[in-house]
Amino acid sequence: MDARYEPETVEHAAQAFWEASDAFRVTEDPTREKFYCLSMFPYPSGRLHMGHVRNYTIGDVISRYQRMRGKNVLQPMGWDAFGLPAENAAMQNNVPPAEWTYENIEYMKAQLKRLGFAYDWSREFATCDPSYYRWEQWLLTRLHAKGLLYRRMAEVNWDPVDQTVLANEQVIDGRGWRSGAPVQRREIPHWFLKITDYAEELLEAIDTLDWPDAVKTMQRNWIGRSEGVEMDFPVDGGDPLRIYTTRPDTLFGVTFMAVAAGHPLAIDAAKGDAKLAAFLEECRQGGTSEAALETAEKQGMATGRYAINPMNGERIPVWVANYVLMGYGTGAIMAVPGHDERDHEFARRYGLEIRQVIAPADGTALDIQAAAWTSKEDMVTVNSGQFTGLSFQAAFDRIAEHIEQLGLGERRVNYRLRDWGVSRQRYWGCPVPVLHTEAGEVPVPDALLPVVLPGNAEGEDPTAPLAKRPGFVETTDPATGRPARRETDTLDTFVESSWYFARFACADNDAAMLDERADYWLPVDQYVGGIEHAILHLLYARFFHKLMRDEGLVSSGEPFTNLLTQGMVVAETFYREQGGRTTWYAPAEVVVARDDKGKVTGARLQADGQPVEVGPIEKMSKSKNNGVDPQAMIERYGADTVRLYMMETSPPDQMLEWSDSAVEGAARFLRRLWRIVHEHVSTGGLPAPGTAVDVATLDDAGRALHRQTHETIAKVSDDVGRRYKFNTAVAACRELINAVSERAGEPTHRAVVHEALEAVVLMLAPVVPHACHALWHALGHGSPVIDARWPEADPSAMARDEVELVVQVNGKLRGRVTVAAGADRDTVTAAAMQVENVARHVGGKSPRKVIVVPGKLVNVVV
RNA sequence: GCCGGGAUGGCGGAACUGGUAGACGCGCCAGACUCAAAAUCUGGUACCCGCAAGGGUGUGCGAGUUCGAUUCUCGCUCCCGGCACCA
């Protein structure tokens, strides 16, 4: 063993060993307990960023820990490879998206290997490989047959200059990002996946998941289940107006109706009304973006039509209102300004009647003209004819029943969740496997799958959408031999990432999408990734899992049993304002000044020595110039230091603040650990592996270290295995090393020092696997540490003869006392009263009460 | 606006079930080694008073429950994240 810790040498040796022994390749073994640990696979953008490093280190620590627990651990890695950035890069550099993507994959794969992650690379794939998306296409043809994949008209952002569809993020301030032309809304046919069929199941199953509450709540809100009534309001001289309401208890308070600008009634009414037609057109112009809707004021116009409130026969005006959404419910509402804030705002603006029909049950008076009162709790109906005097639930039930009896409508559950629009009119994606033949729309037969994305011919625009590639579009109907056209839409890249976790189980199968191995590995036991995927990716993946289950491909109902969402990696920012412009400086270019207590007093730019402003701590980003390149850190300190820093600095679900000097501290610890082990192994013989410490021969100091070793094992096992608190686990290891360094070199304590060092090396092996690989060998072990078992805490080692208790007087700490471990209450109390400082504070008075918490404290109340 | 999470030394954080607040680390201060520096090692480091022993204060703010509250309850303030006209 080298006296000096050389991370590069150590890490290359360990990685070479793992590679040569195929250490992380796994096969299915029904006799062993499996553990499938998955980190969200990356988009191959070019280089890893710190967020990736954090994500993958967390996953790797869990995987390596579970392996040491004896589980059959699968930890795969792949590439979420389709998507817009490849097209952008292609346009900038004139390199085909595929080439750019595969080059990035090669580079990033080398980076991942350099970090020493325990991946089974034999299962690697990129989603842009035809061998992957072939099965996606195959599944889609099955879904098409079931009606779960269907086509209908939908609005898109259309760039009239570039003649192309734009993604939402390509629309900047209502203009195309490249052309600068105002974006138009255009209706074109779109493919949809019918996720709404699964809304109820997706909602109910959330309760079964061991996920962070924040994520579960977000998914529940996204699905947005509501119970209400769908019913008709008769219209003078027209078809009845069907509306949806969750508040049938307020039906007597309806003073107008409102329909969306796209509603048939509005369009019909506009036929003879130029002003109304102009208003509808204006509503259509407004952007589809959320930002536009957010700021939009409530606007509307009367249609001249009137509806009849079936509850009381009143004749009420029908308005068009821009706050009514065509895509939810029926695109029409009954407006109750007294008890709905939006309706209230609208009514005030247009001078419509505001009427109170519910009131606080305790009789409190309300000024309903000033503000809407919307409570469902502690309310009672008023001014509601035969339904007056009821609670929300009673009014809901009786009025709903009444409407059902009148044949005007029925109770109905609605969801906010919409069907998933999966069409993209772009090149770099998975082609939708459909042909348009003379007989209509038909799925591509299995034998003709995959529909391969065409490559790029010389001189061709490498990003031209499929519709502009005649060689791709024109084909023949395999059934008739007659001319046919291929579908030219490609799929949203979220589709590929919705089932990749399953394909890892059997990535080499070229005869089926999934096989029986999927049921061995699934569901994923631990999924690790960013909170930014809390809704879409995680919901779509759950949906696809159910689709695959209903296709008989898997038997489980949910894909991810346990979810860990890691926090962002953030860093300090530094800037200067010059002439109204802000220039951001990288933390590495800045020297921070401190006072003699360590408090930051200012910062100067290294280059010119002049002050810069200290900005807020923010997520690492190019715009704030505060990113730290993992590659540079790995080259400087080695992978283990970076891994250790990431794990010991914050709990995984919290933000992690980057600090160069704290990274230095992690490096220091590894050097120290190395040196302590080196001194230990070079100053005497080593016990045979597995030799137990002879407790009988230990003195007090030796017993204390022996005890601390086992207490640390117990704590770290709990922190890593149950709590996922890697920061406190590392801290406990550091404490044990601090204790070891006090005993190191003492011949009488050699056995307990050896035991402690072995425990630390085993417990840190998941975090700093390379260093521990070398140290484990140095401690006399022939087999590698990845095959060692996680240490077990020995309860007898942790037993204490004596315990130190804290003594309080009136709840204030006044002293300490050491008593026998099993001492009874009276003994403990007596001992506590003898402590000088305690006696002084009790002051001879007789205690009113003495509280004894065994093993912890004594509180004397006087 | 609604939903979720949070606020602890100069900084990151610890205290898991109501029981020693500040583990571990960073930074800072002092010392050892060194011609010097780096590296390493030792000690100190919440704040105030005190040579010390010790005392007082202290977990965003204000109340409450309790022998005892960072932890529980109520009412605020601020910060972060998500959703946002879903009838």
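The structure displayed is predicted, hence computed values, not measured ones. Below, chains carry the letters A, B, ... as their sequence lines are ordered, and counting in each starts from 1.
Listed pair A:Q654 / B:G6 fails the phosphate criterion, with no side-chain N or O lying under 4.0 Å from OP1 or OP2. Of the side-chain N and O atoms in A:H841, one or more sit less than 4.0 angstrom from OP1 or OP2 of B:G55.
The partner of B:C51, taking Watson-Crick or G-U wobble pairs whose two distances both stay under 3.5 Å, does not exist in any strand shown. When both pairing distances are held under 3.5 Å, B:G75 makes a Watson-Crick or G-U pair with B:C61. Pair assignment for B:A84: none, as no Watson-Crick or G-U wobble contacts are both less than 3.5 Å. Taking a pair to require two hydrogen-bonding distances under 3.5 Å in either a Watson-Crick or a G-U wobble arrangement, B:C41 pairs with B:G31. Within the shown strands, nothing qualifies as a pairing partner of B:G9 under the Watson-Crick or G-U definition with both distances less than 3.5 Å.
Side-chain polar atoms of A:E664 and A:Y637 form a donor-acceptor pair below 3.5 angstrom. Defined by atom type and a distance below 3.5 Å, a donor-acceptor pair is missing between the side-chain atoms of A:N810 and A:R848.
Rounded to an integer number of Å, the gap from CE of A:M568 to P of B:G12 is 15 Å. In this entry the distance linking CD of A:E341 with C1' of B:C85 reads 11 Å, nearest Å. To the nearest angstrom, P of B:C80 lies 19 Å from CG of A:D653. As rounded to whole Å, 12 Å separates atom P of B:A53 from atom CG of A:N837. Whole-Å rounding puts the A:Y724 OH to B:C16 C1' distance at 16 Å.
Judged as a salt bridge (Lys or Arg N to Asp or Glu O under 4.0 Å), and not counting sequence neighbours, A:E735 has no contacts. Partners of A:K216 according to the salt bridge (Lys or Arg N to Asp or Glu O under 4.0 Å) rule, which considers only residues two or more places apart in sequence or in another chain, do not exist here. Every side chain to side chain contact (heavy atoms under 4.5 Å, CB included) that A:I617 has, sequence neighbours left out, goes to A:V570, A:E657.
Considering only side-chain atoms of A:Y328, the nucleotide from B:U57, B:C67, B:A87 that sits closest is B:A87.
Pairs passing the ring-ring contact (aromatic ring centres under 6.0 Å, His included) check and including a residue from residues 644-663 of chain A, sequence neighbours excluded, read A:Y645-A:W658. Judged as a side chain to side chain donor-acceptor pair (under 3.5 Å), the pairs with a partner in residues 219-231 of chain A (not counting sequence neighbours) are, in order, A:E200-A:R225, A:D207-A:R220, A:Q219-A:R542, A:R225-A:E227, A:S226-A:Y244, A:S226-A:Y328, A:E230-A:R242, A:E230-A:R412. Listed by first and then second residue, the salt bridge (charged side-chain N to carboxylate O under 4.0 Å, His left out) pairs that reach into residues 716-731 of chain A are A:K715-A:D719, A:D718-A:R722, A:D719-A:R723, sequence neighbours excluded.
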Could you go through nucleotides 2-4 of chain B and list every protein N or O atom that sits under 3.5 Å from one of its N or O atoms, giving the distance for each pair?
none

Check residues 811-818 of chain A and write down every donor-acceptor pair under 3.5 Å in which the side-chain atom is one partner and the other belongs to a residue at least two apart or another chain.
unit_1 : atom_1 : unit_2 : atom_2 : d
A:R814 : NH1    : A:H841 : NE2    : 3.2

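With RNA chain B read from its 5' end, the first of the two nearest nucleotides for A:I535 and A:R675 is the one closest to A:R675.
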Could you encode protein contacts along nucleotides 18-29 of chain B as a string, one character per nucleotide from 5' to 3', using B for base contact, S for sugar-phosphate-only contact and - for no contact, with a heavy-atom cut-off of under 4.0 Å?
-> -BB--BSSSBSS
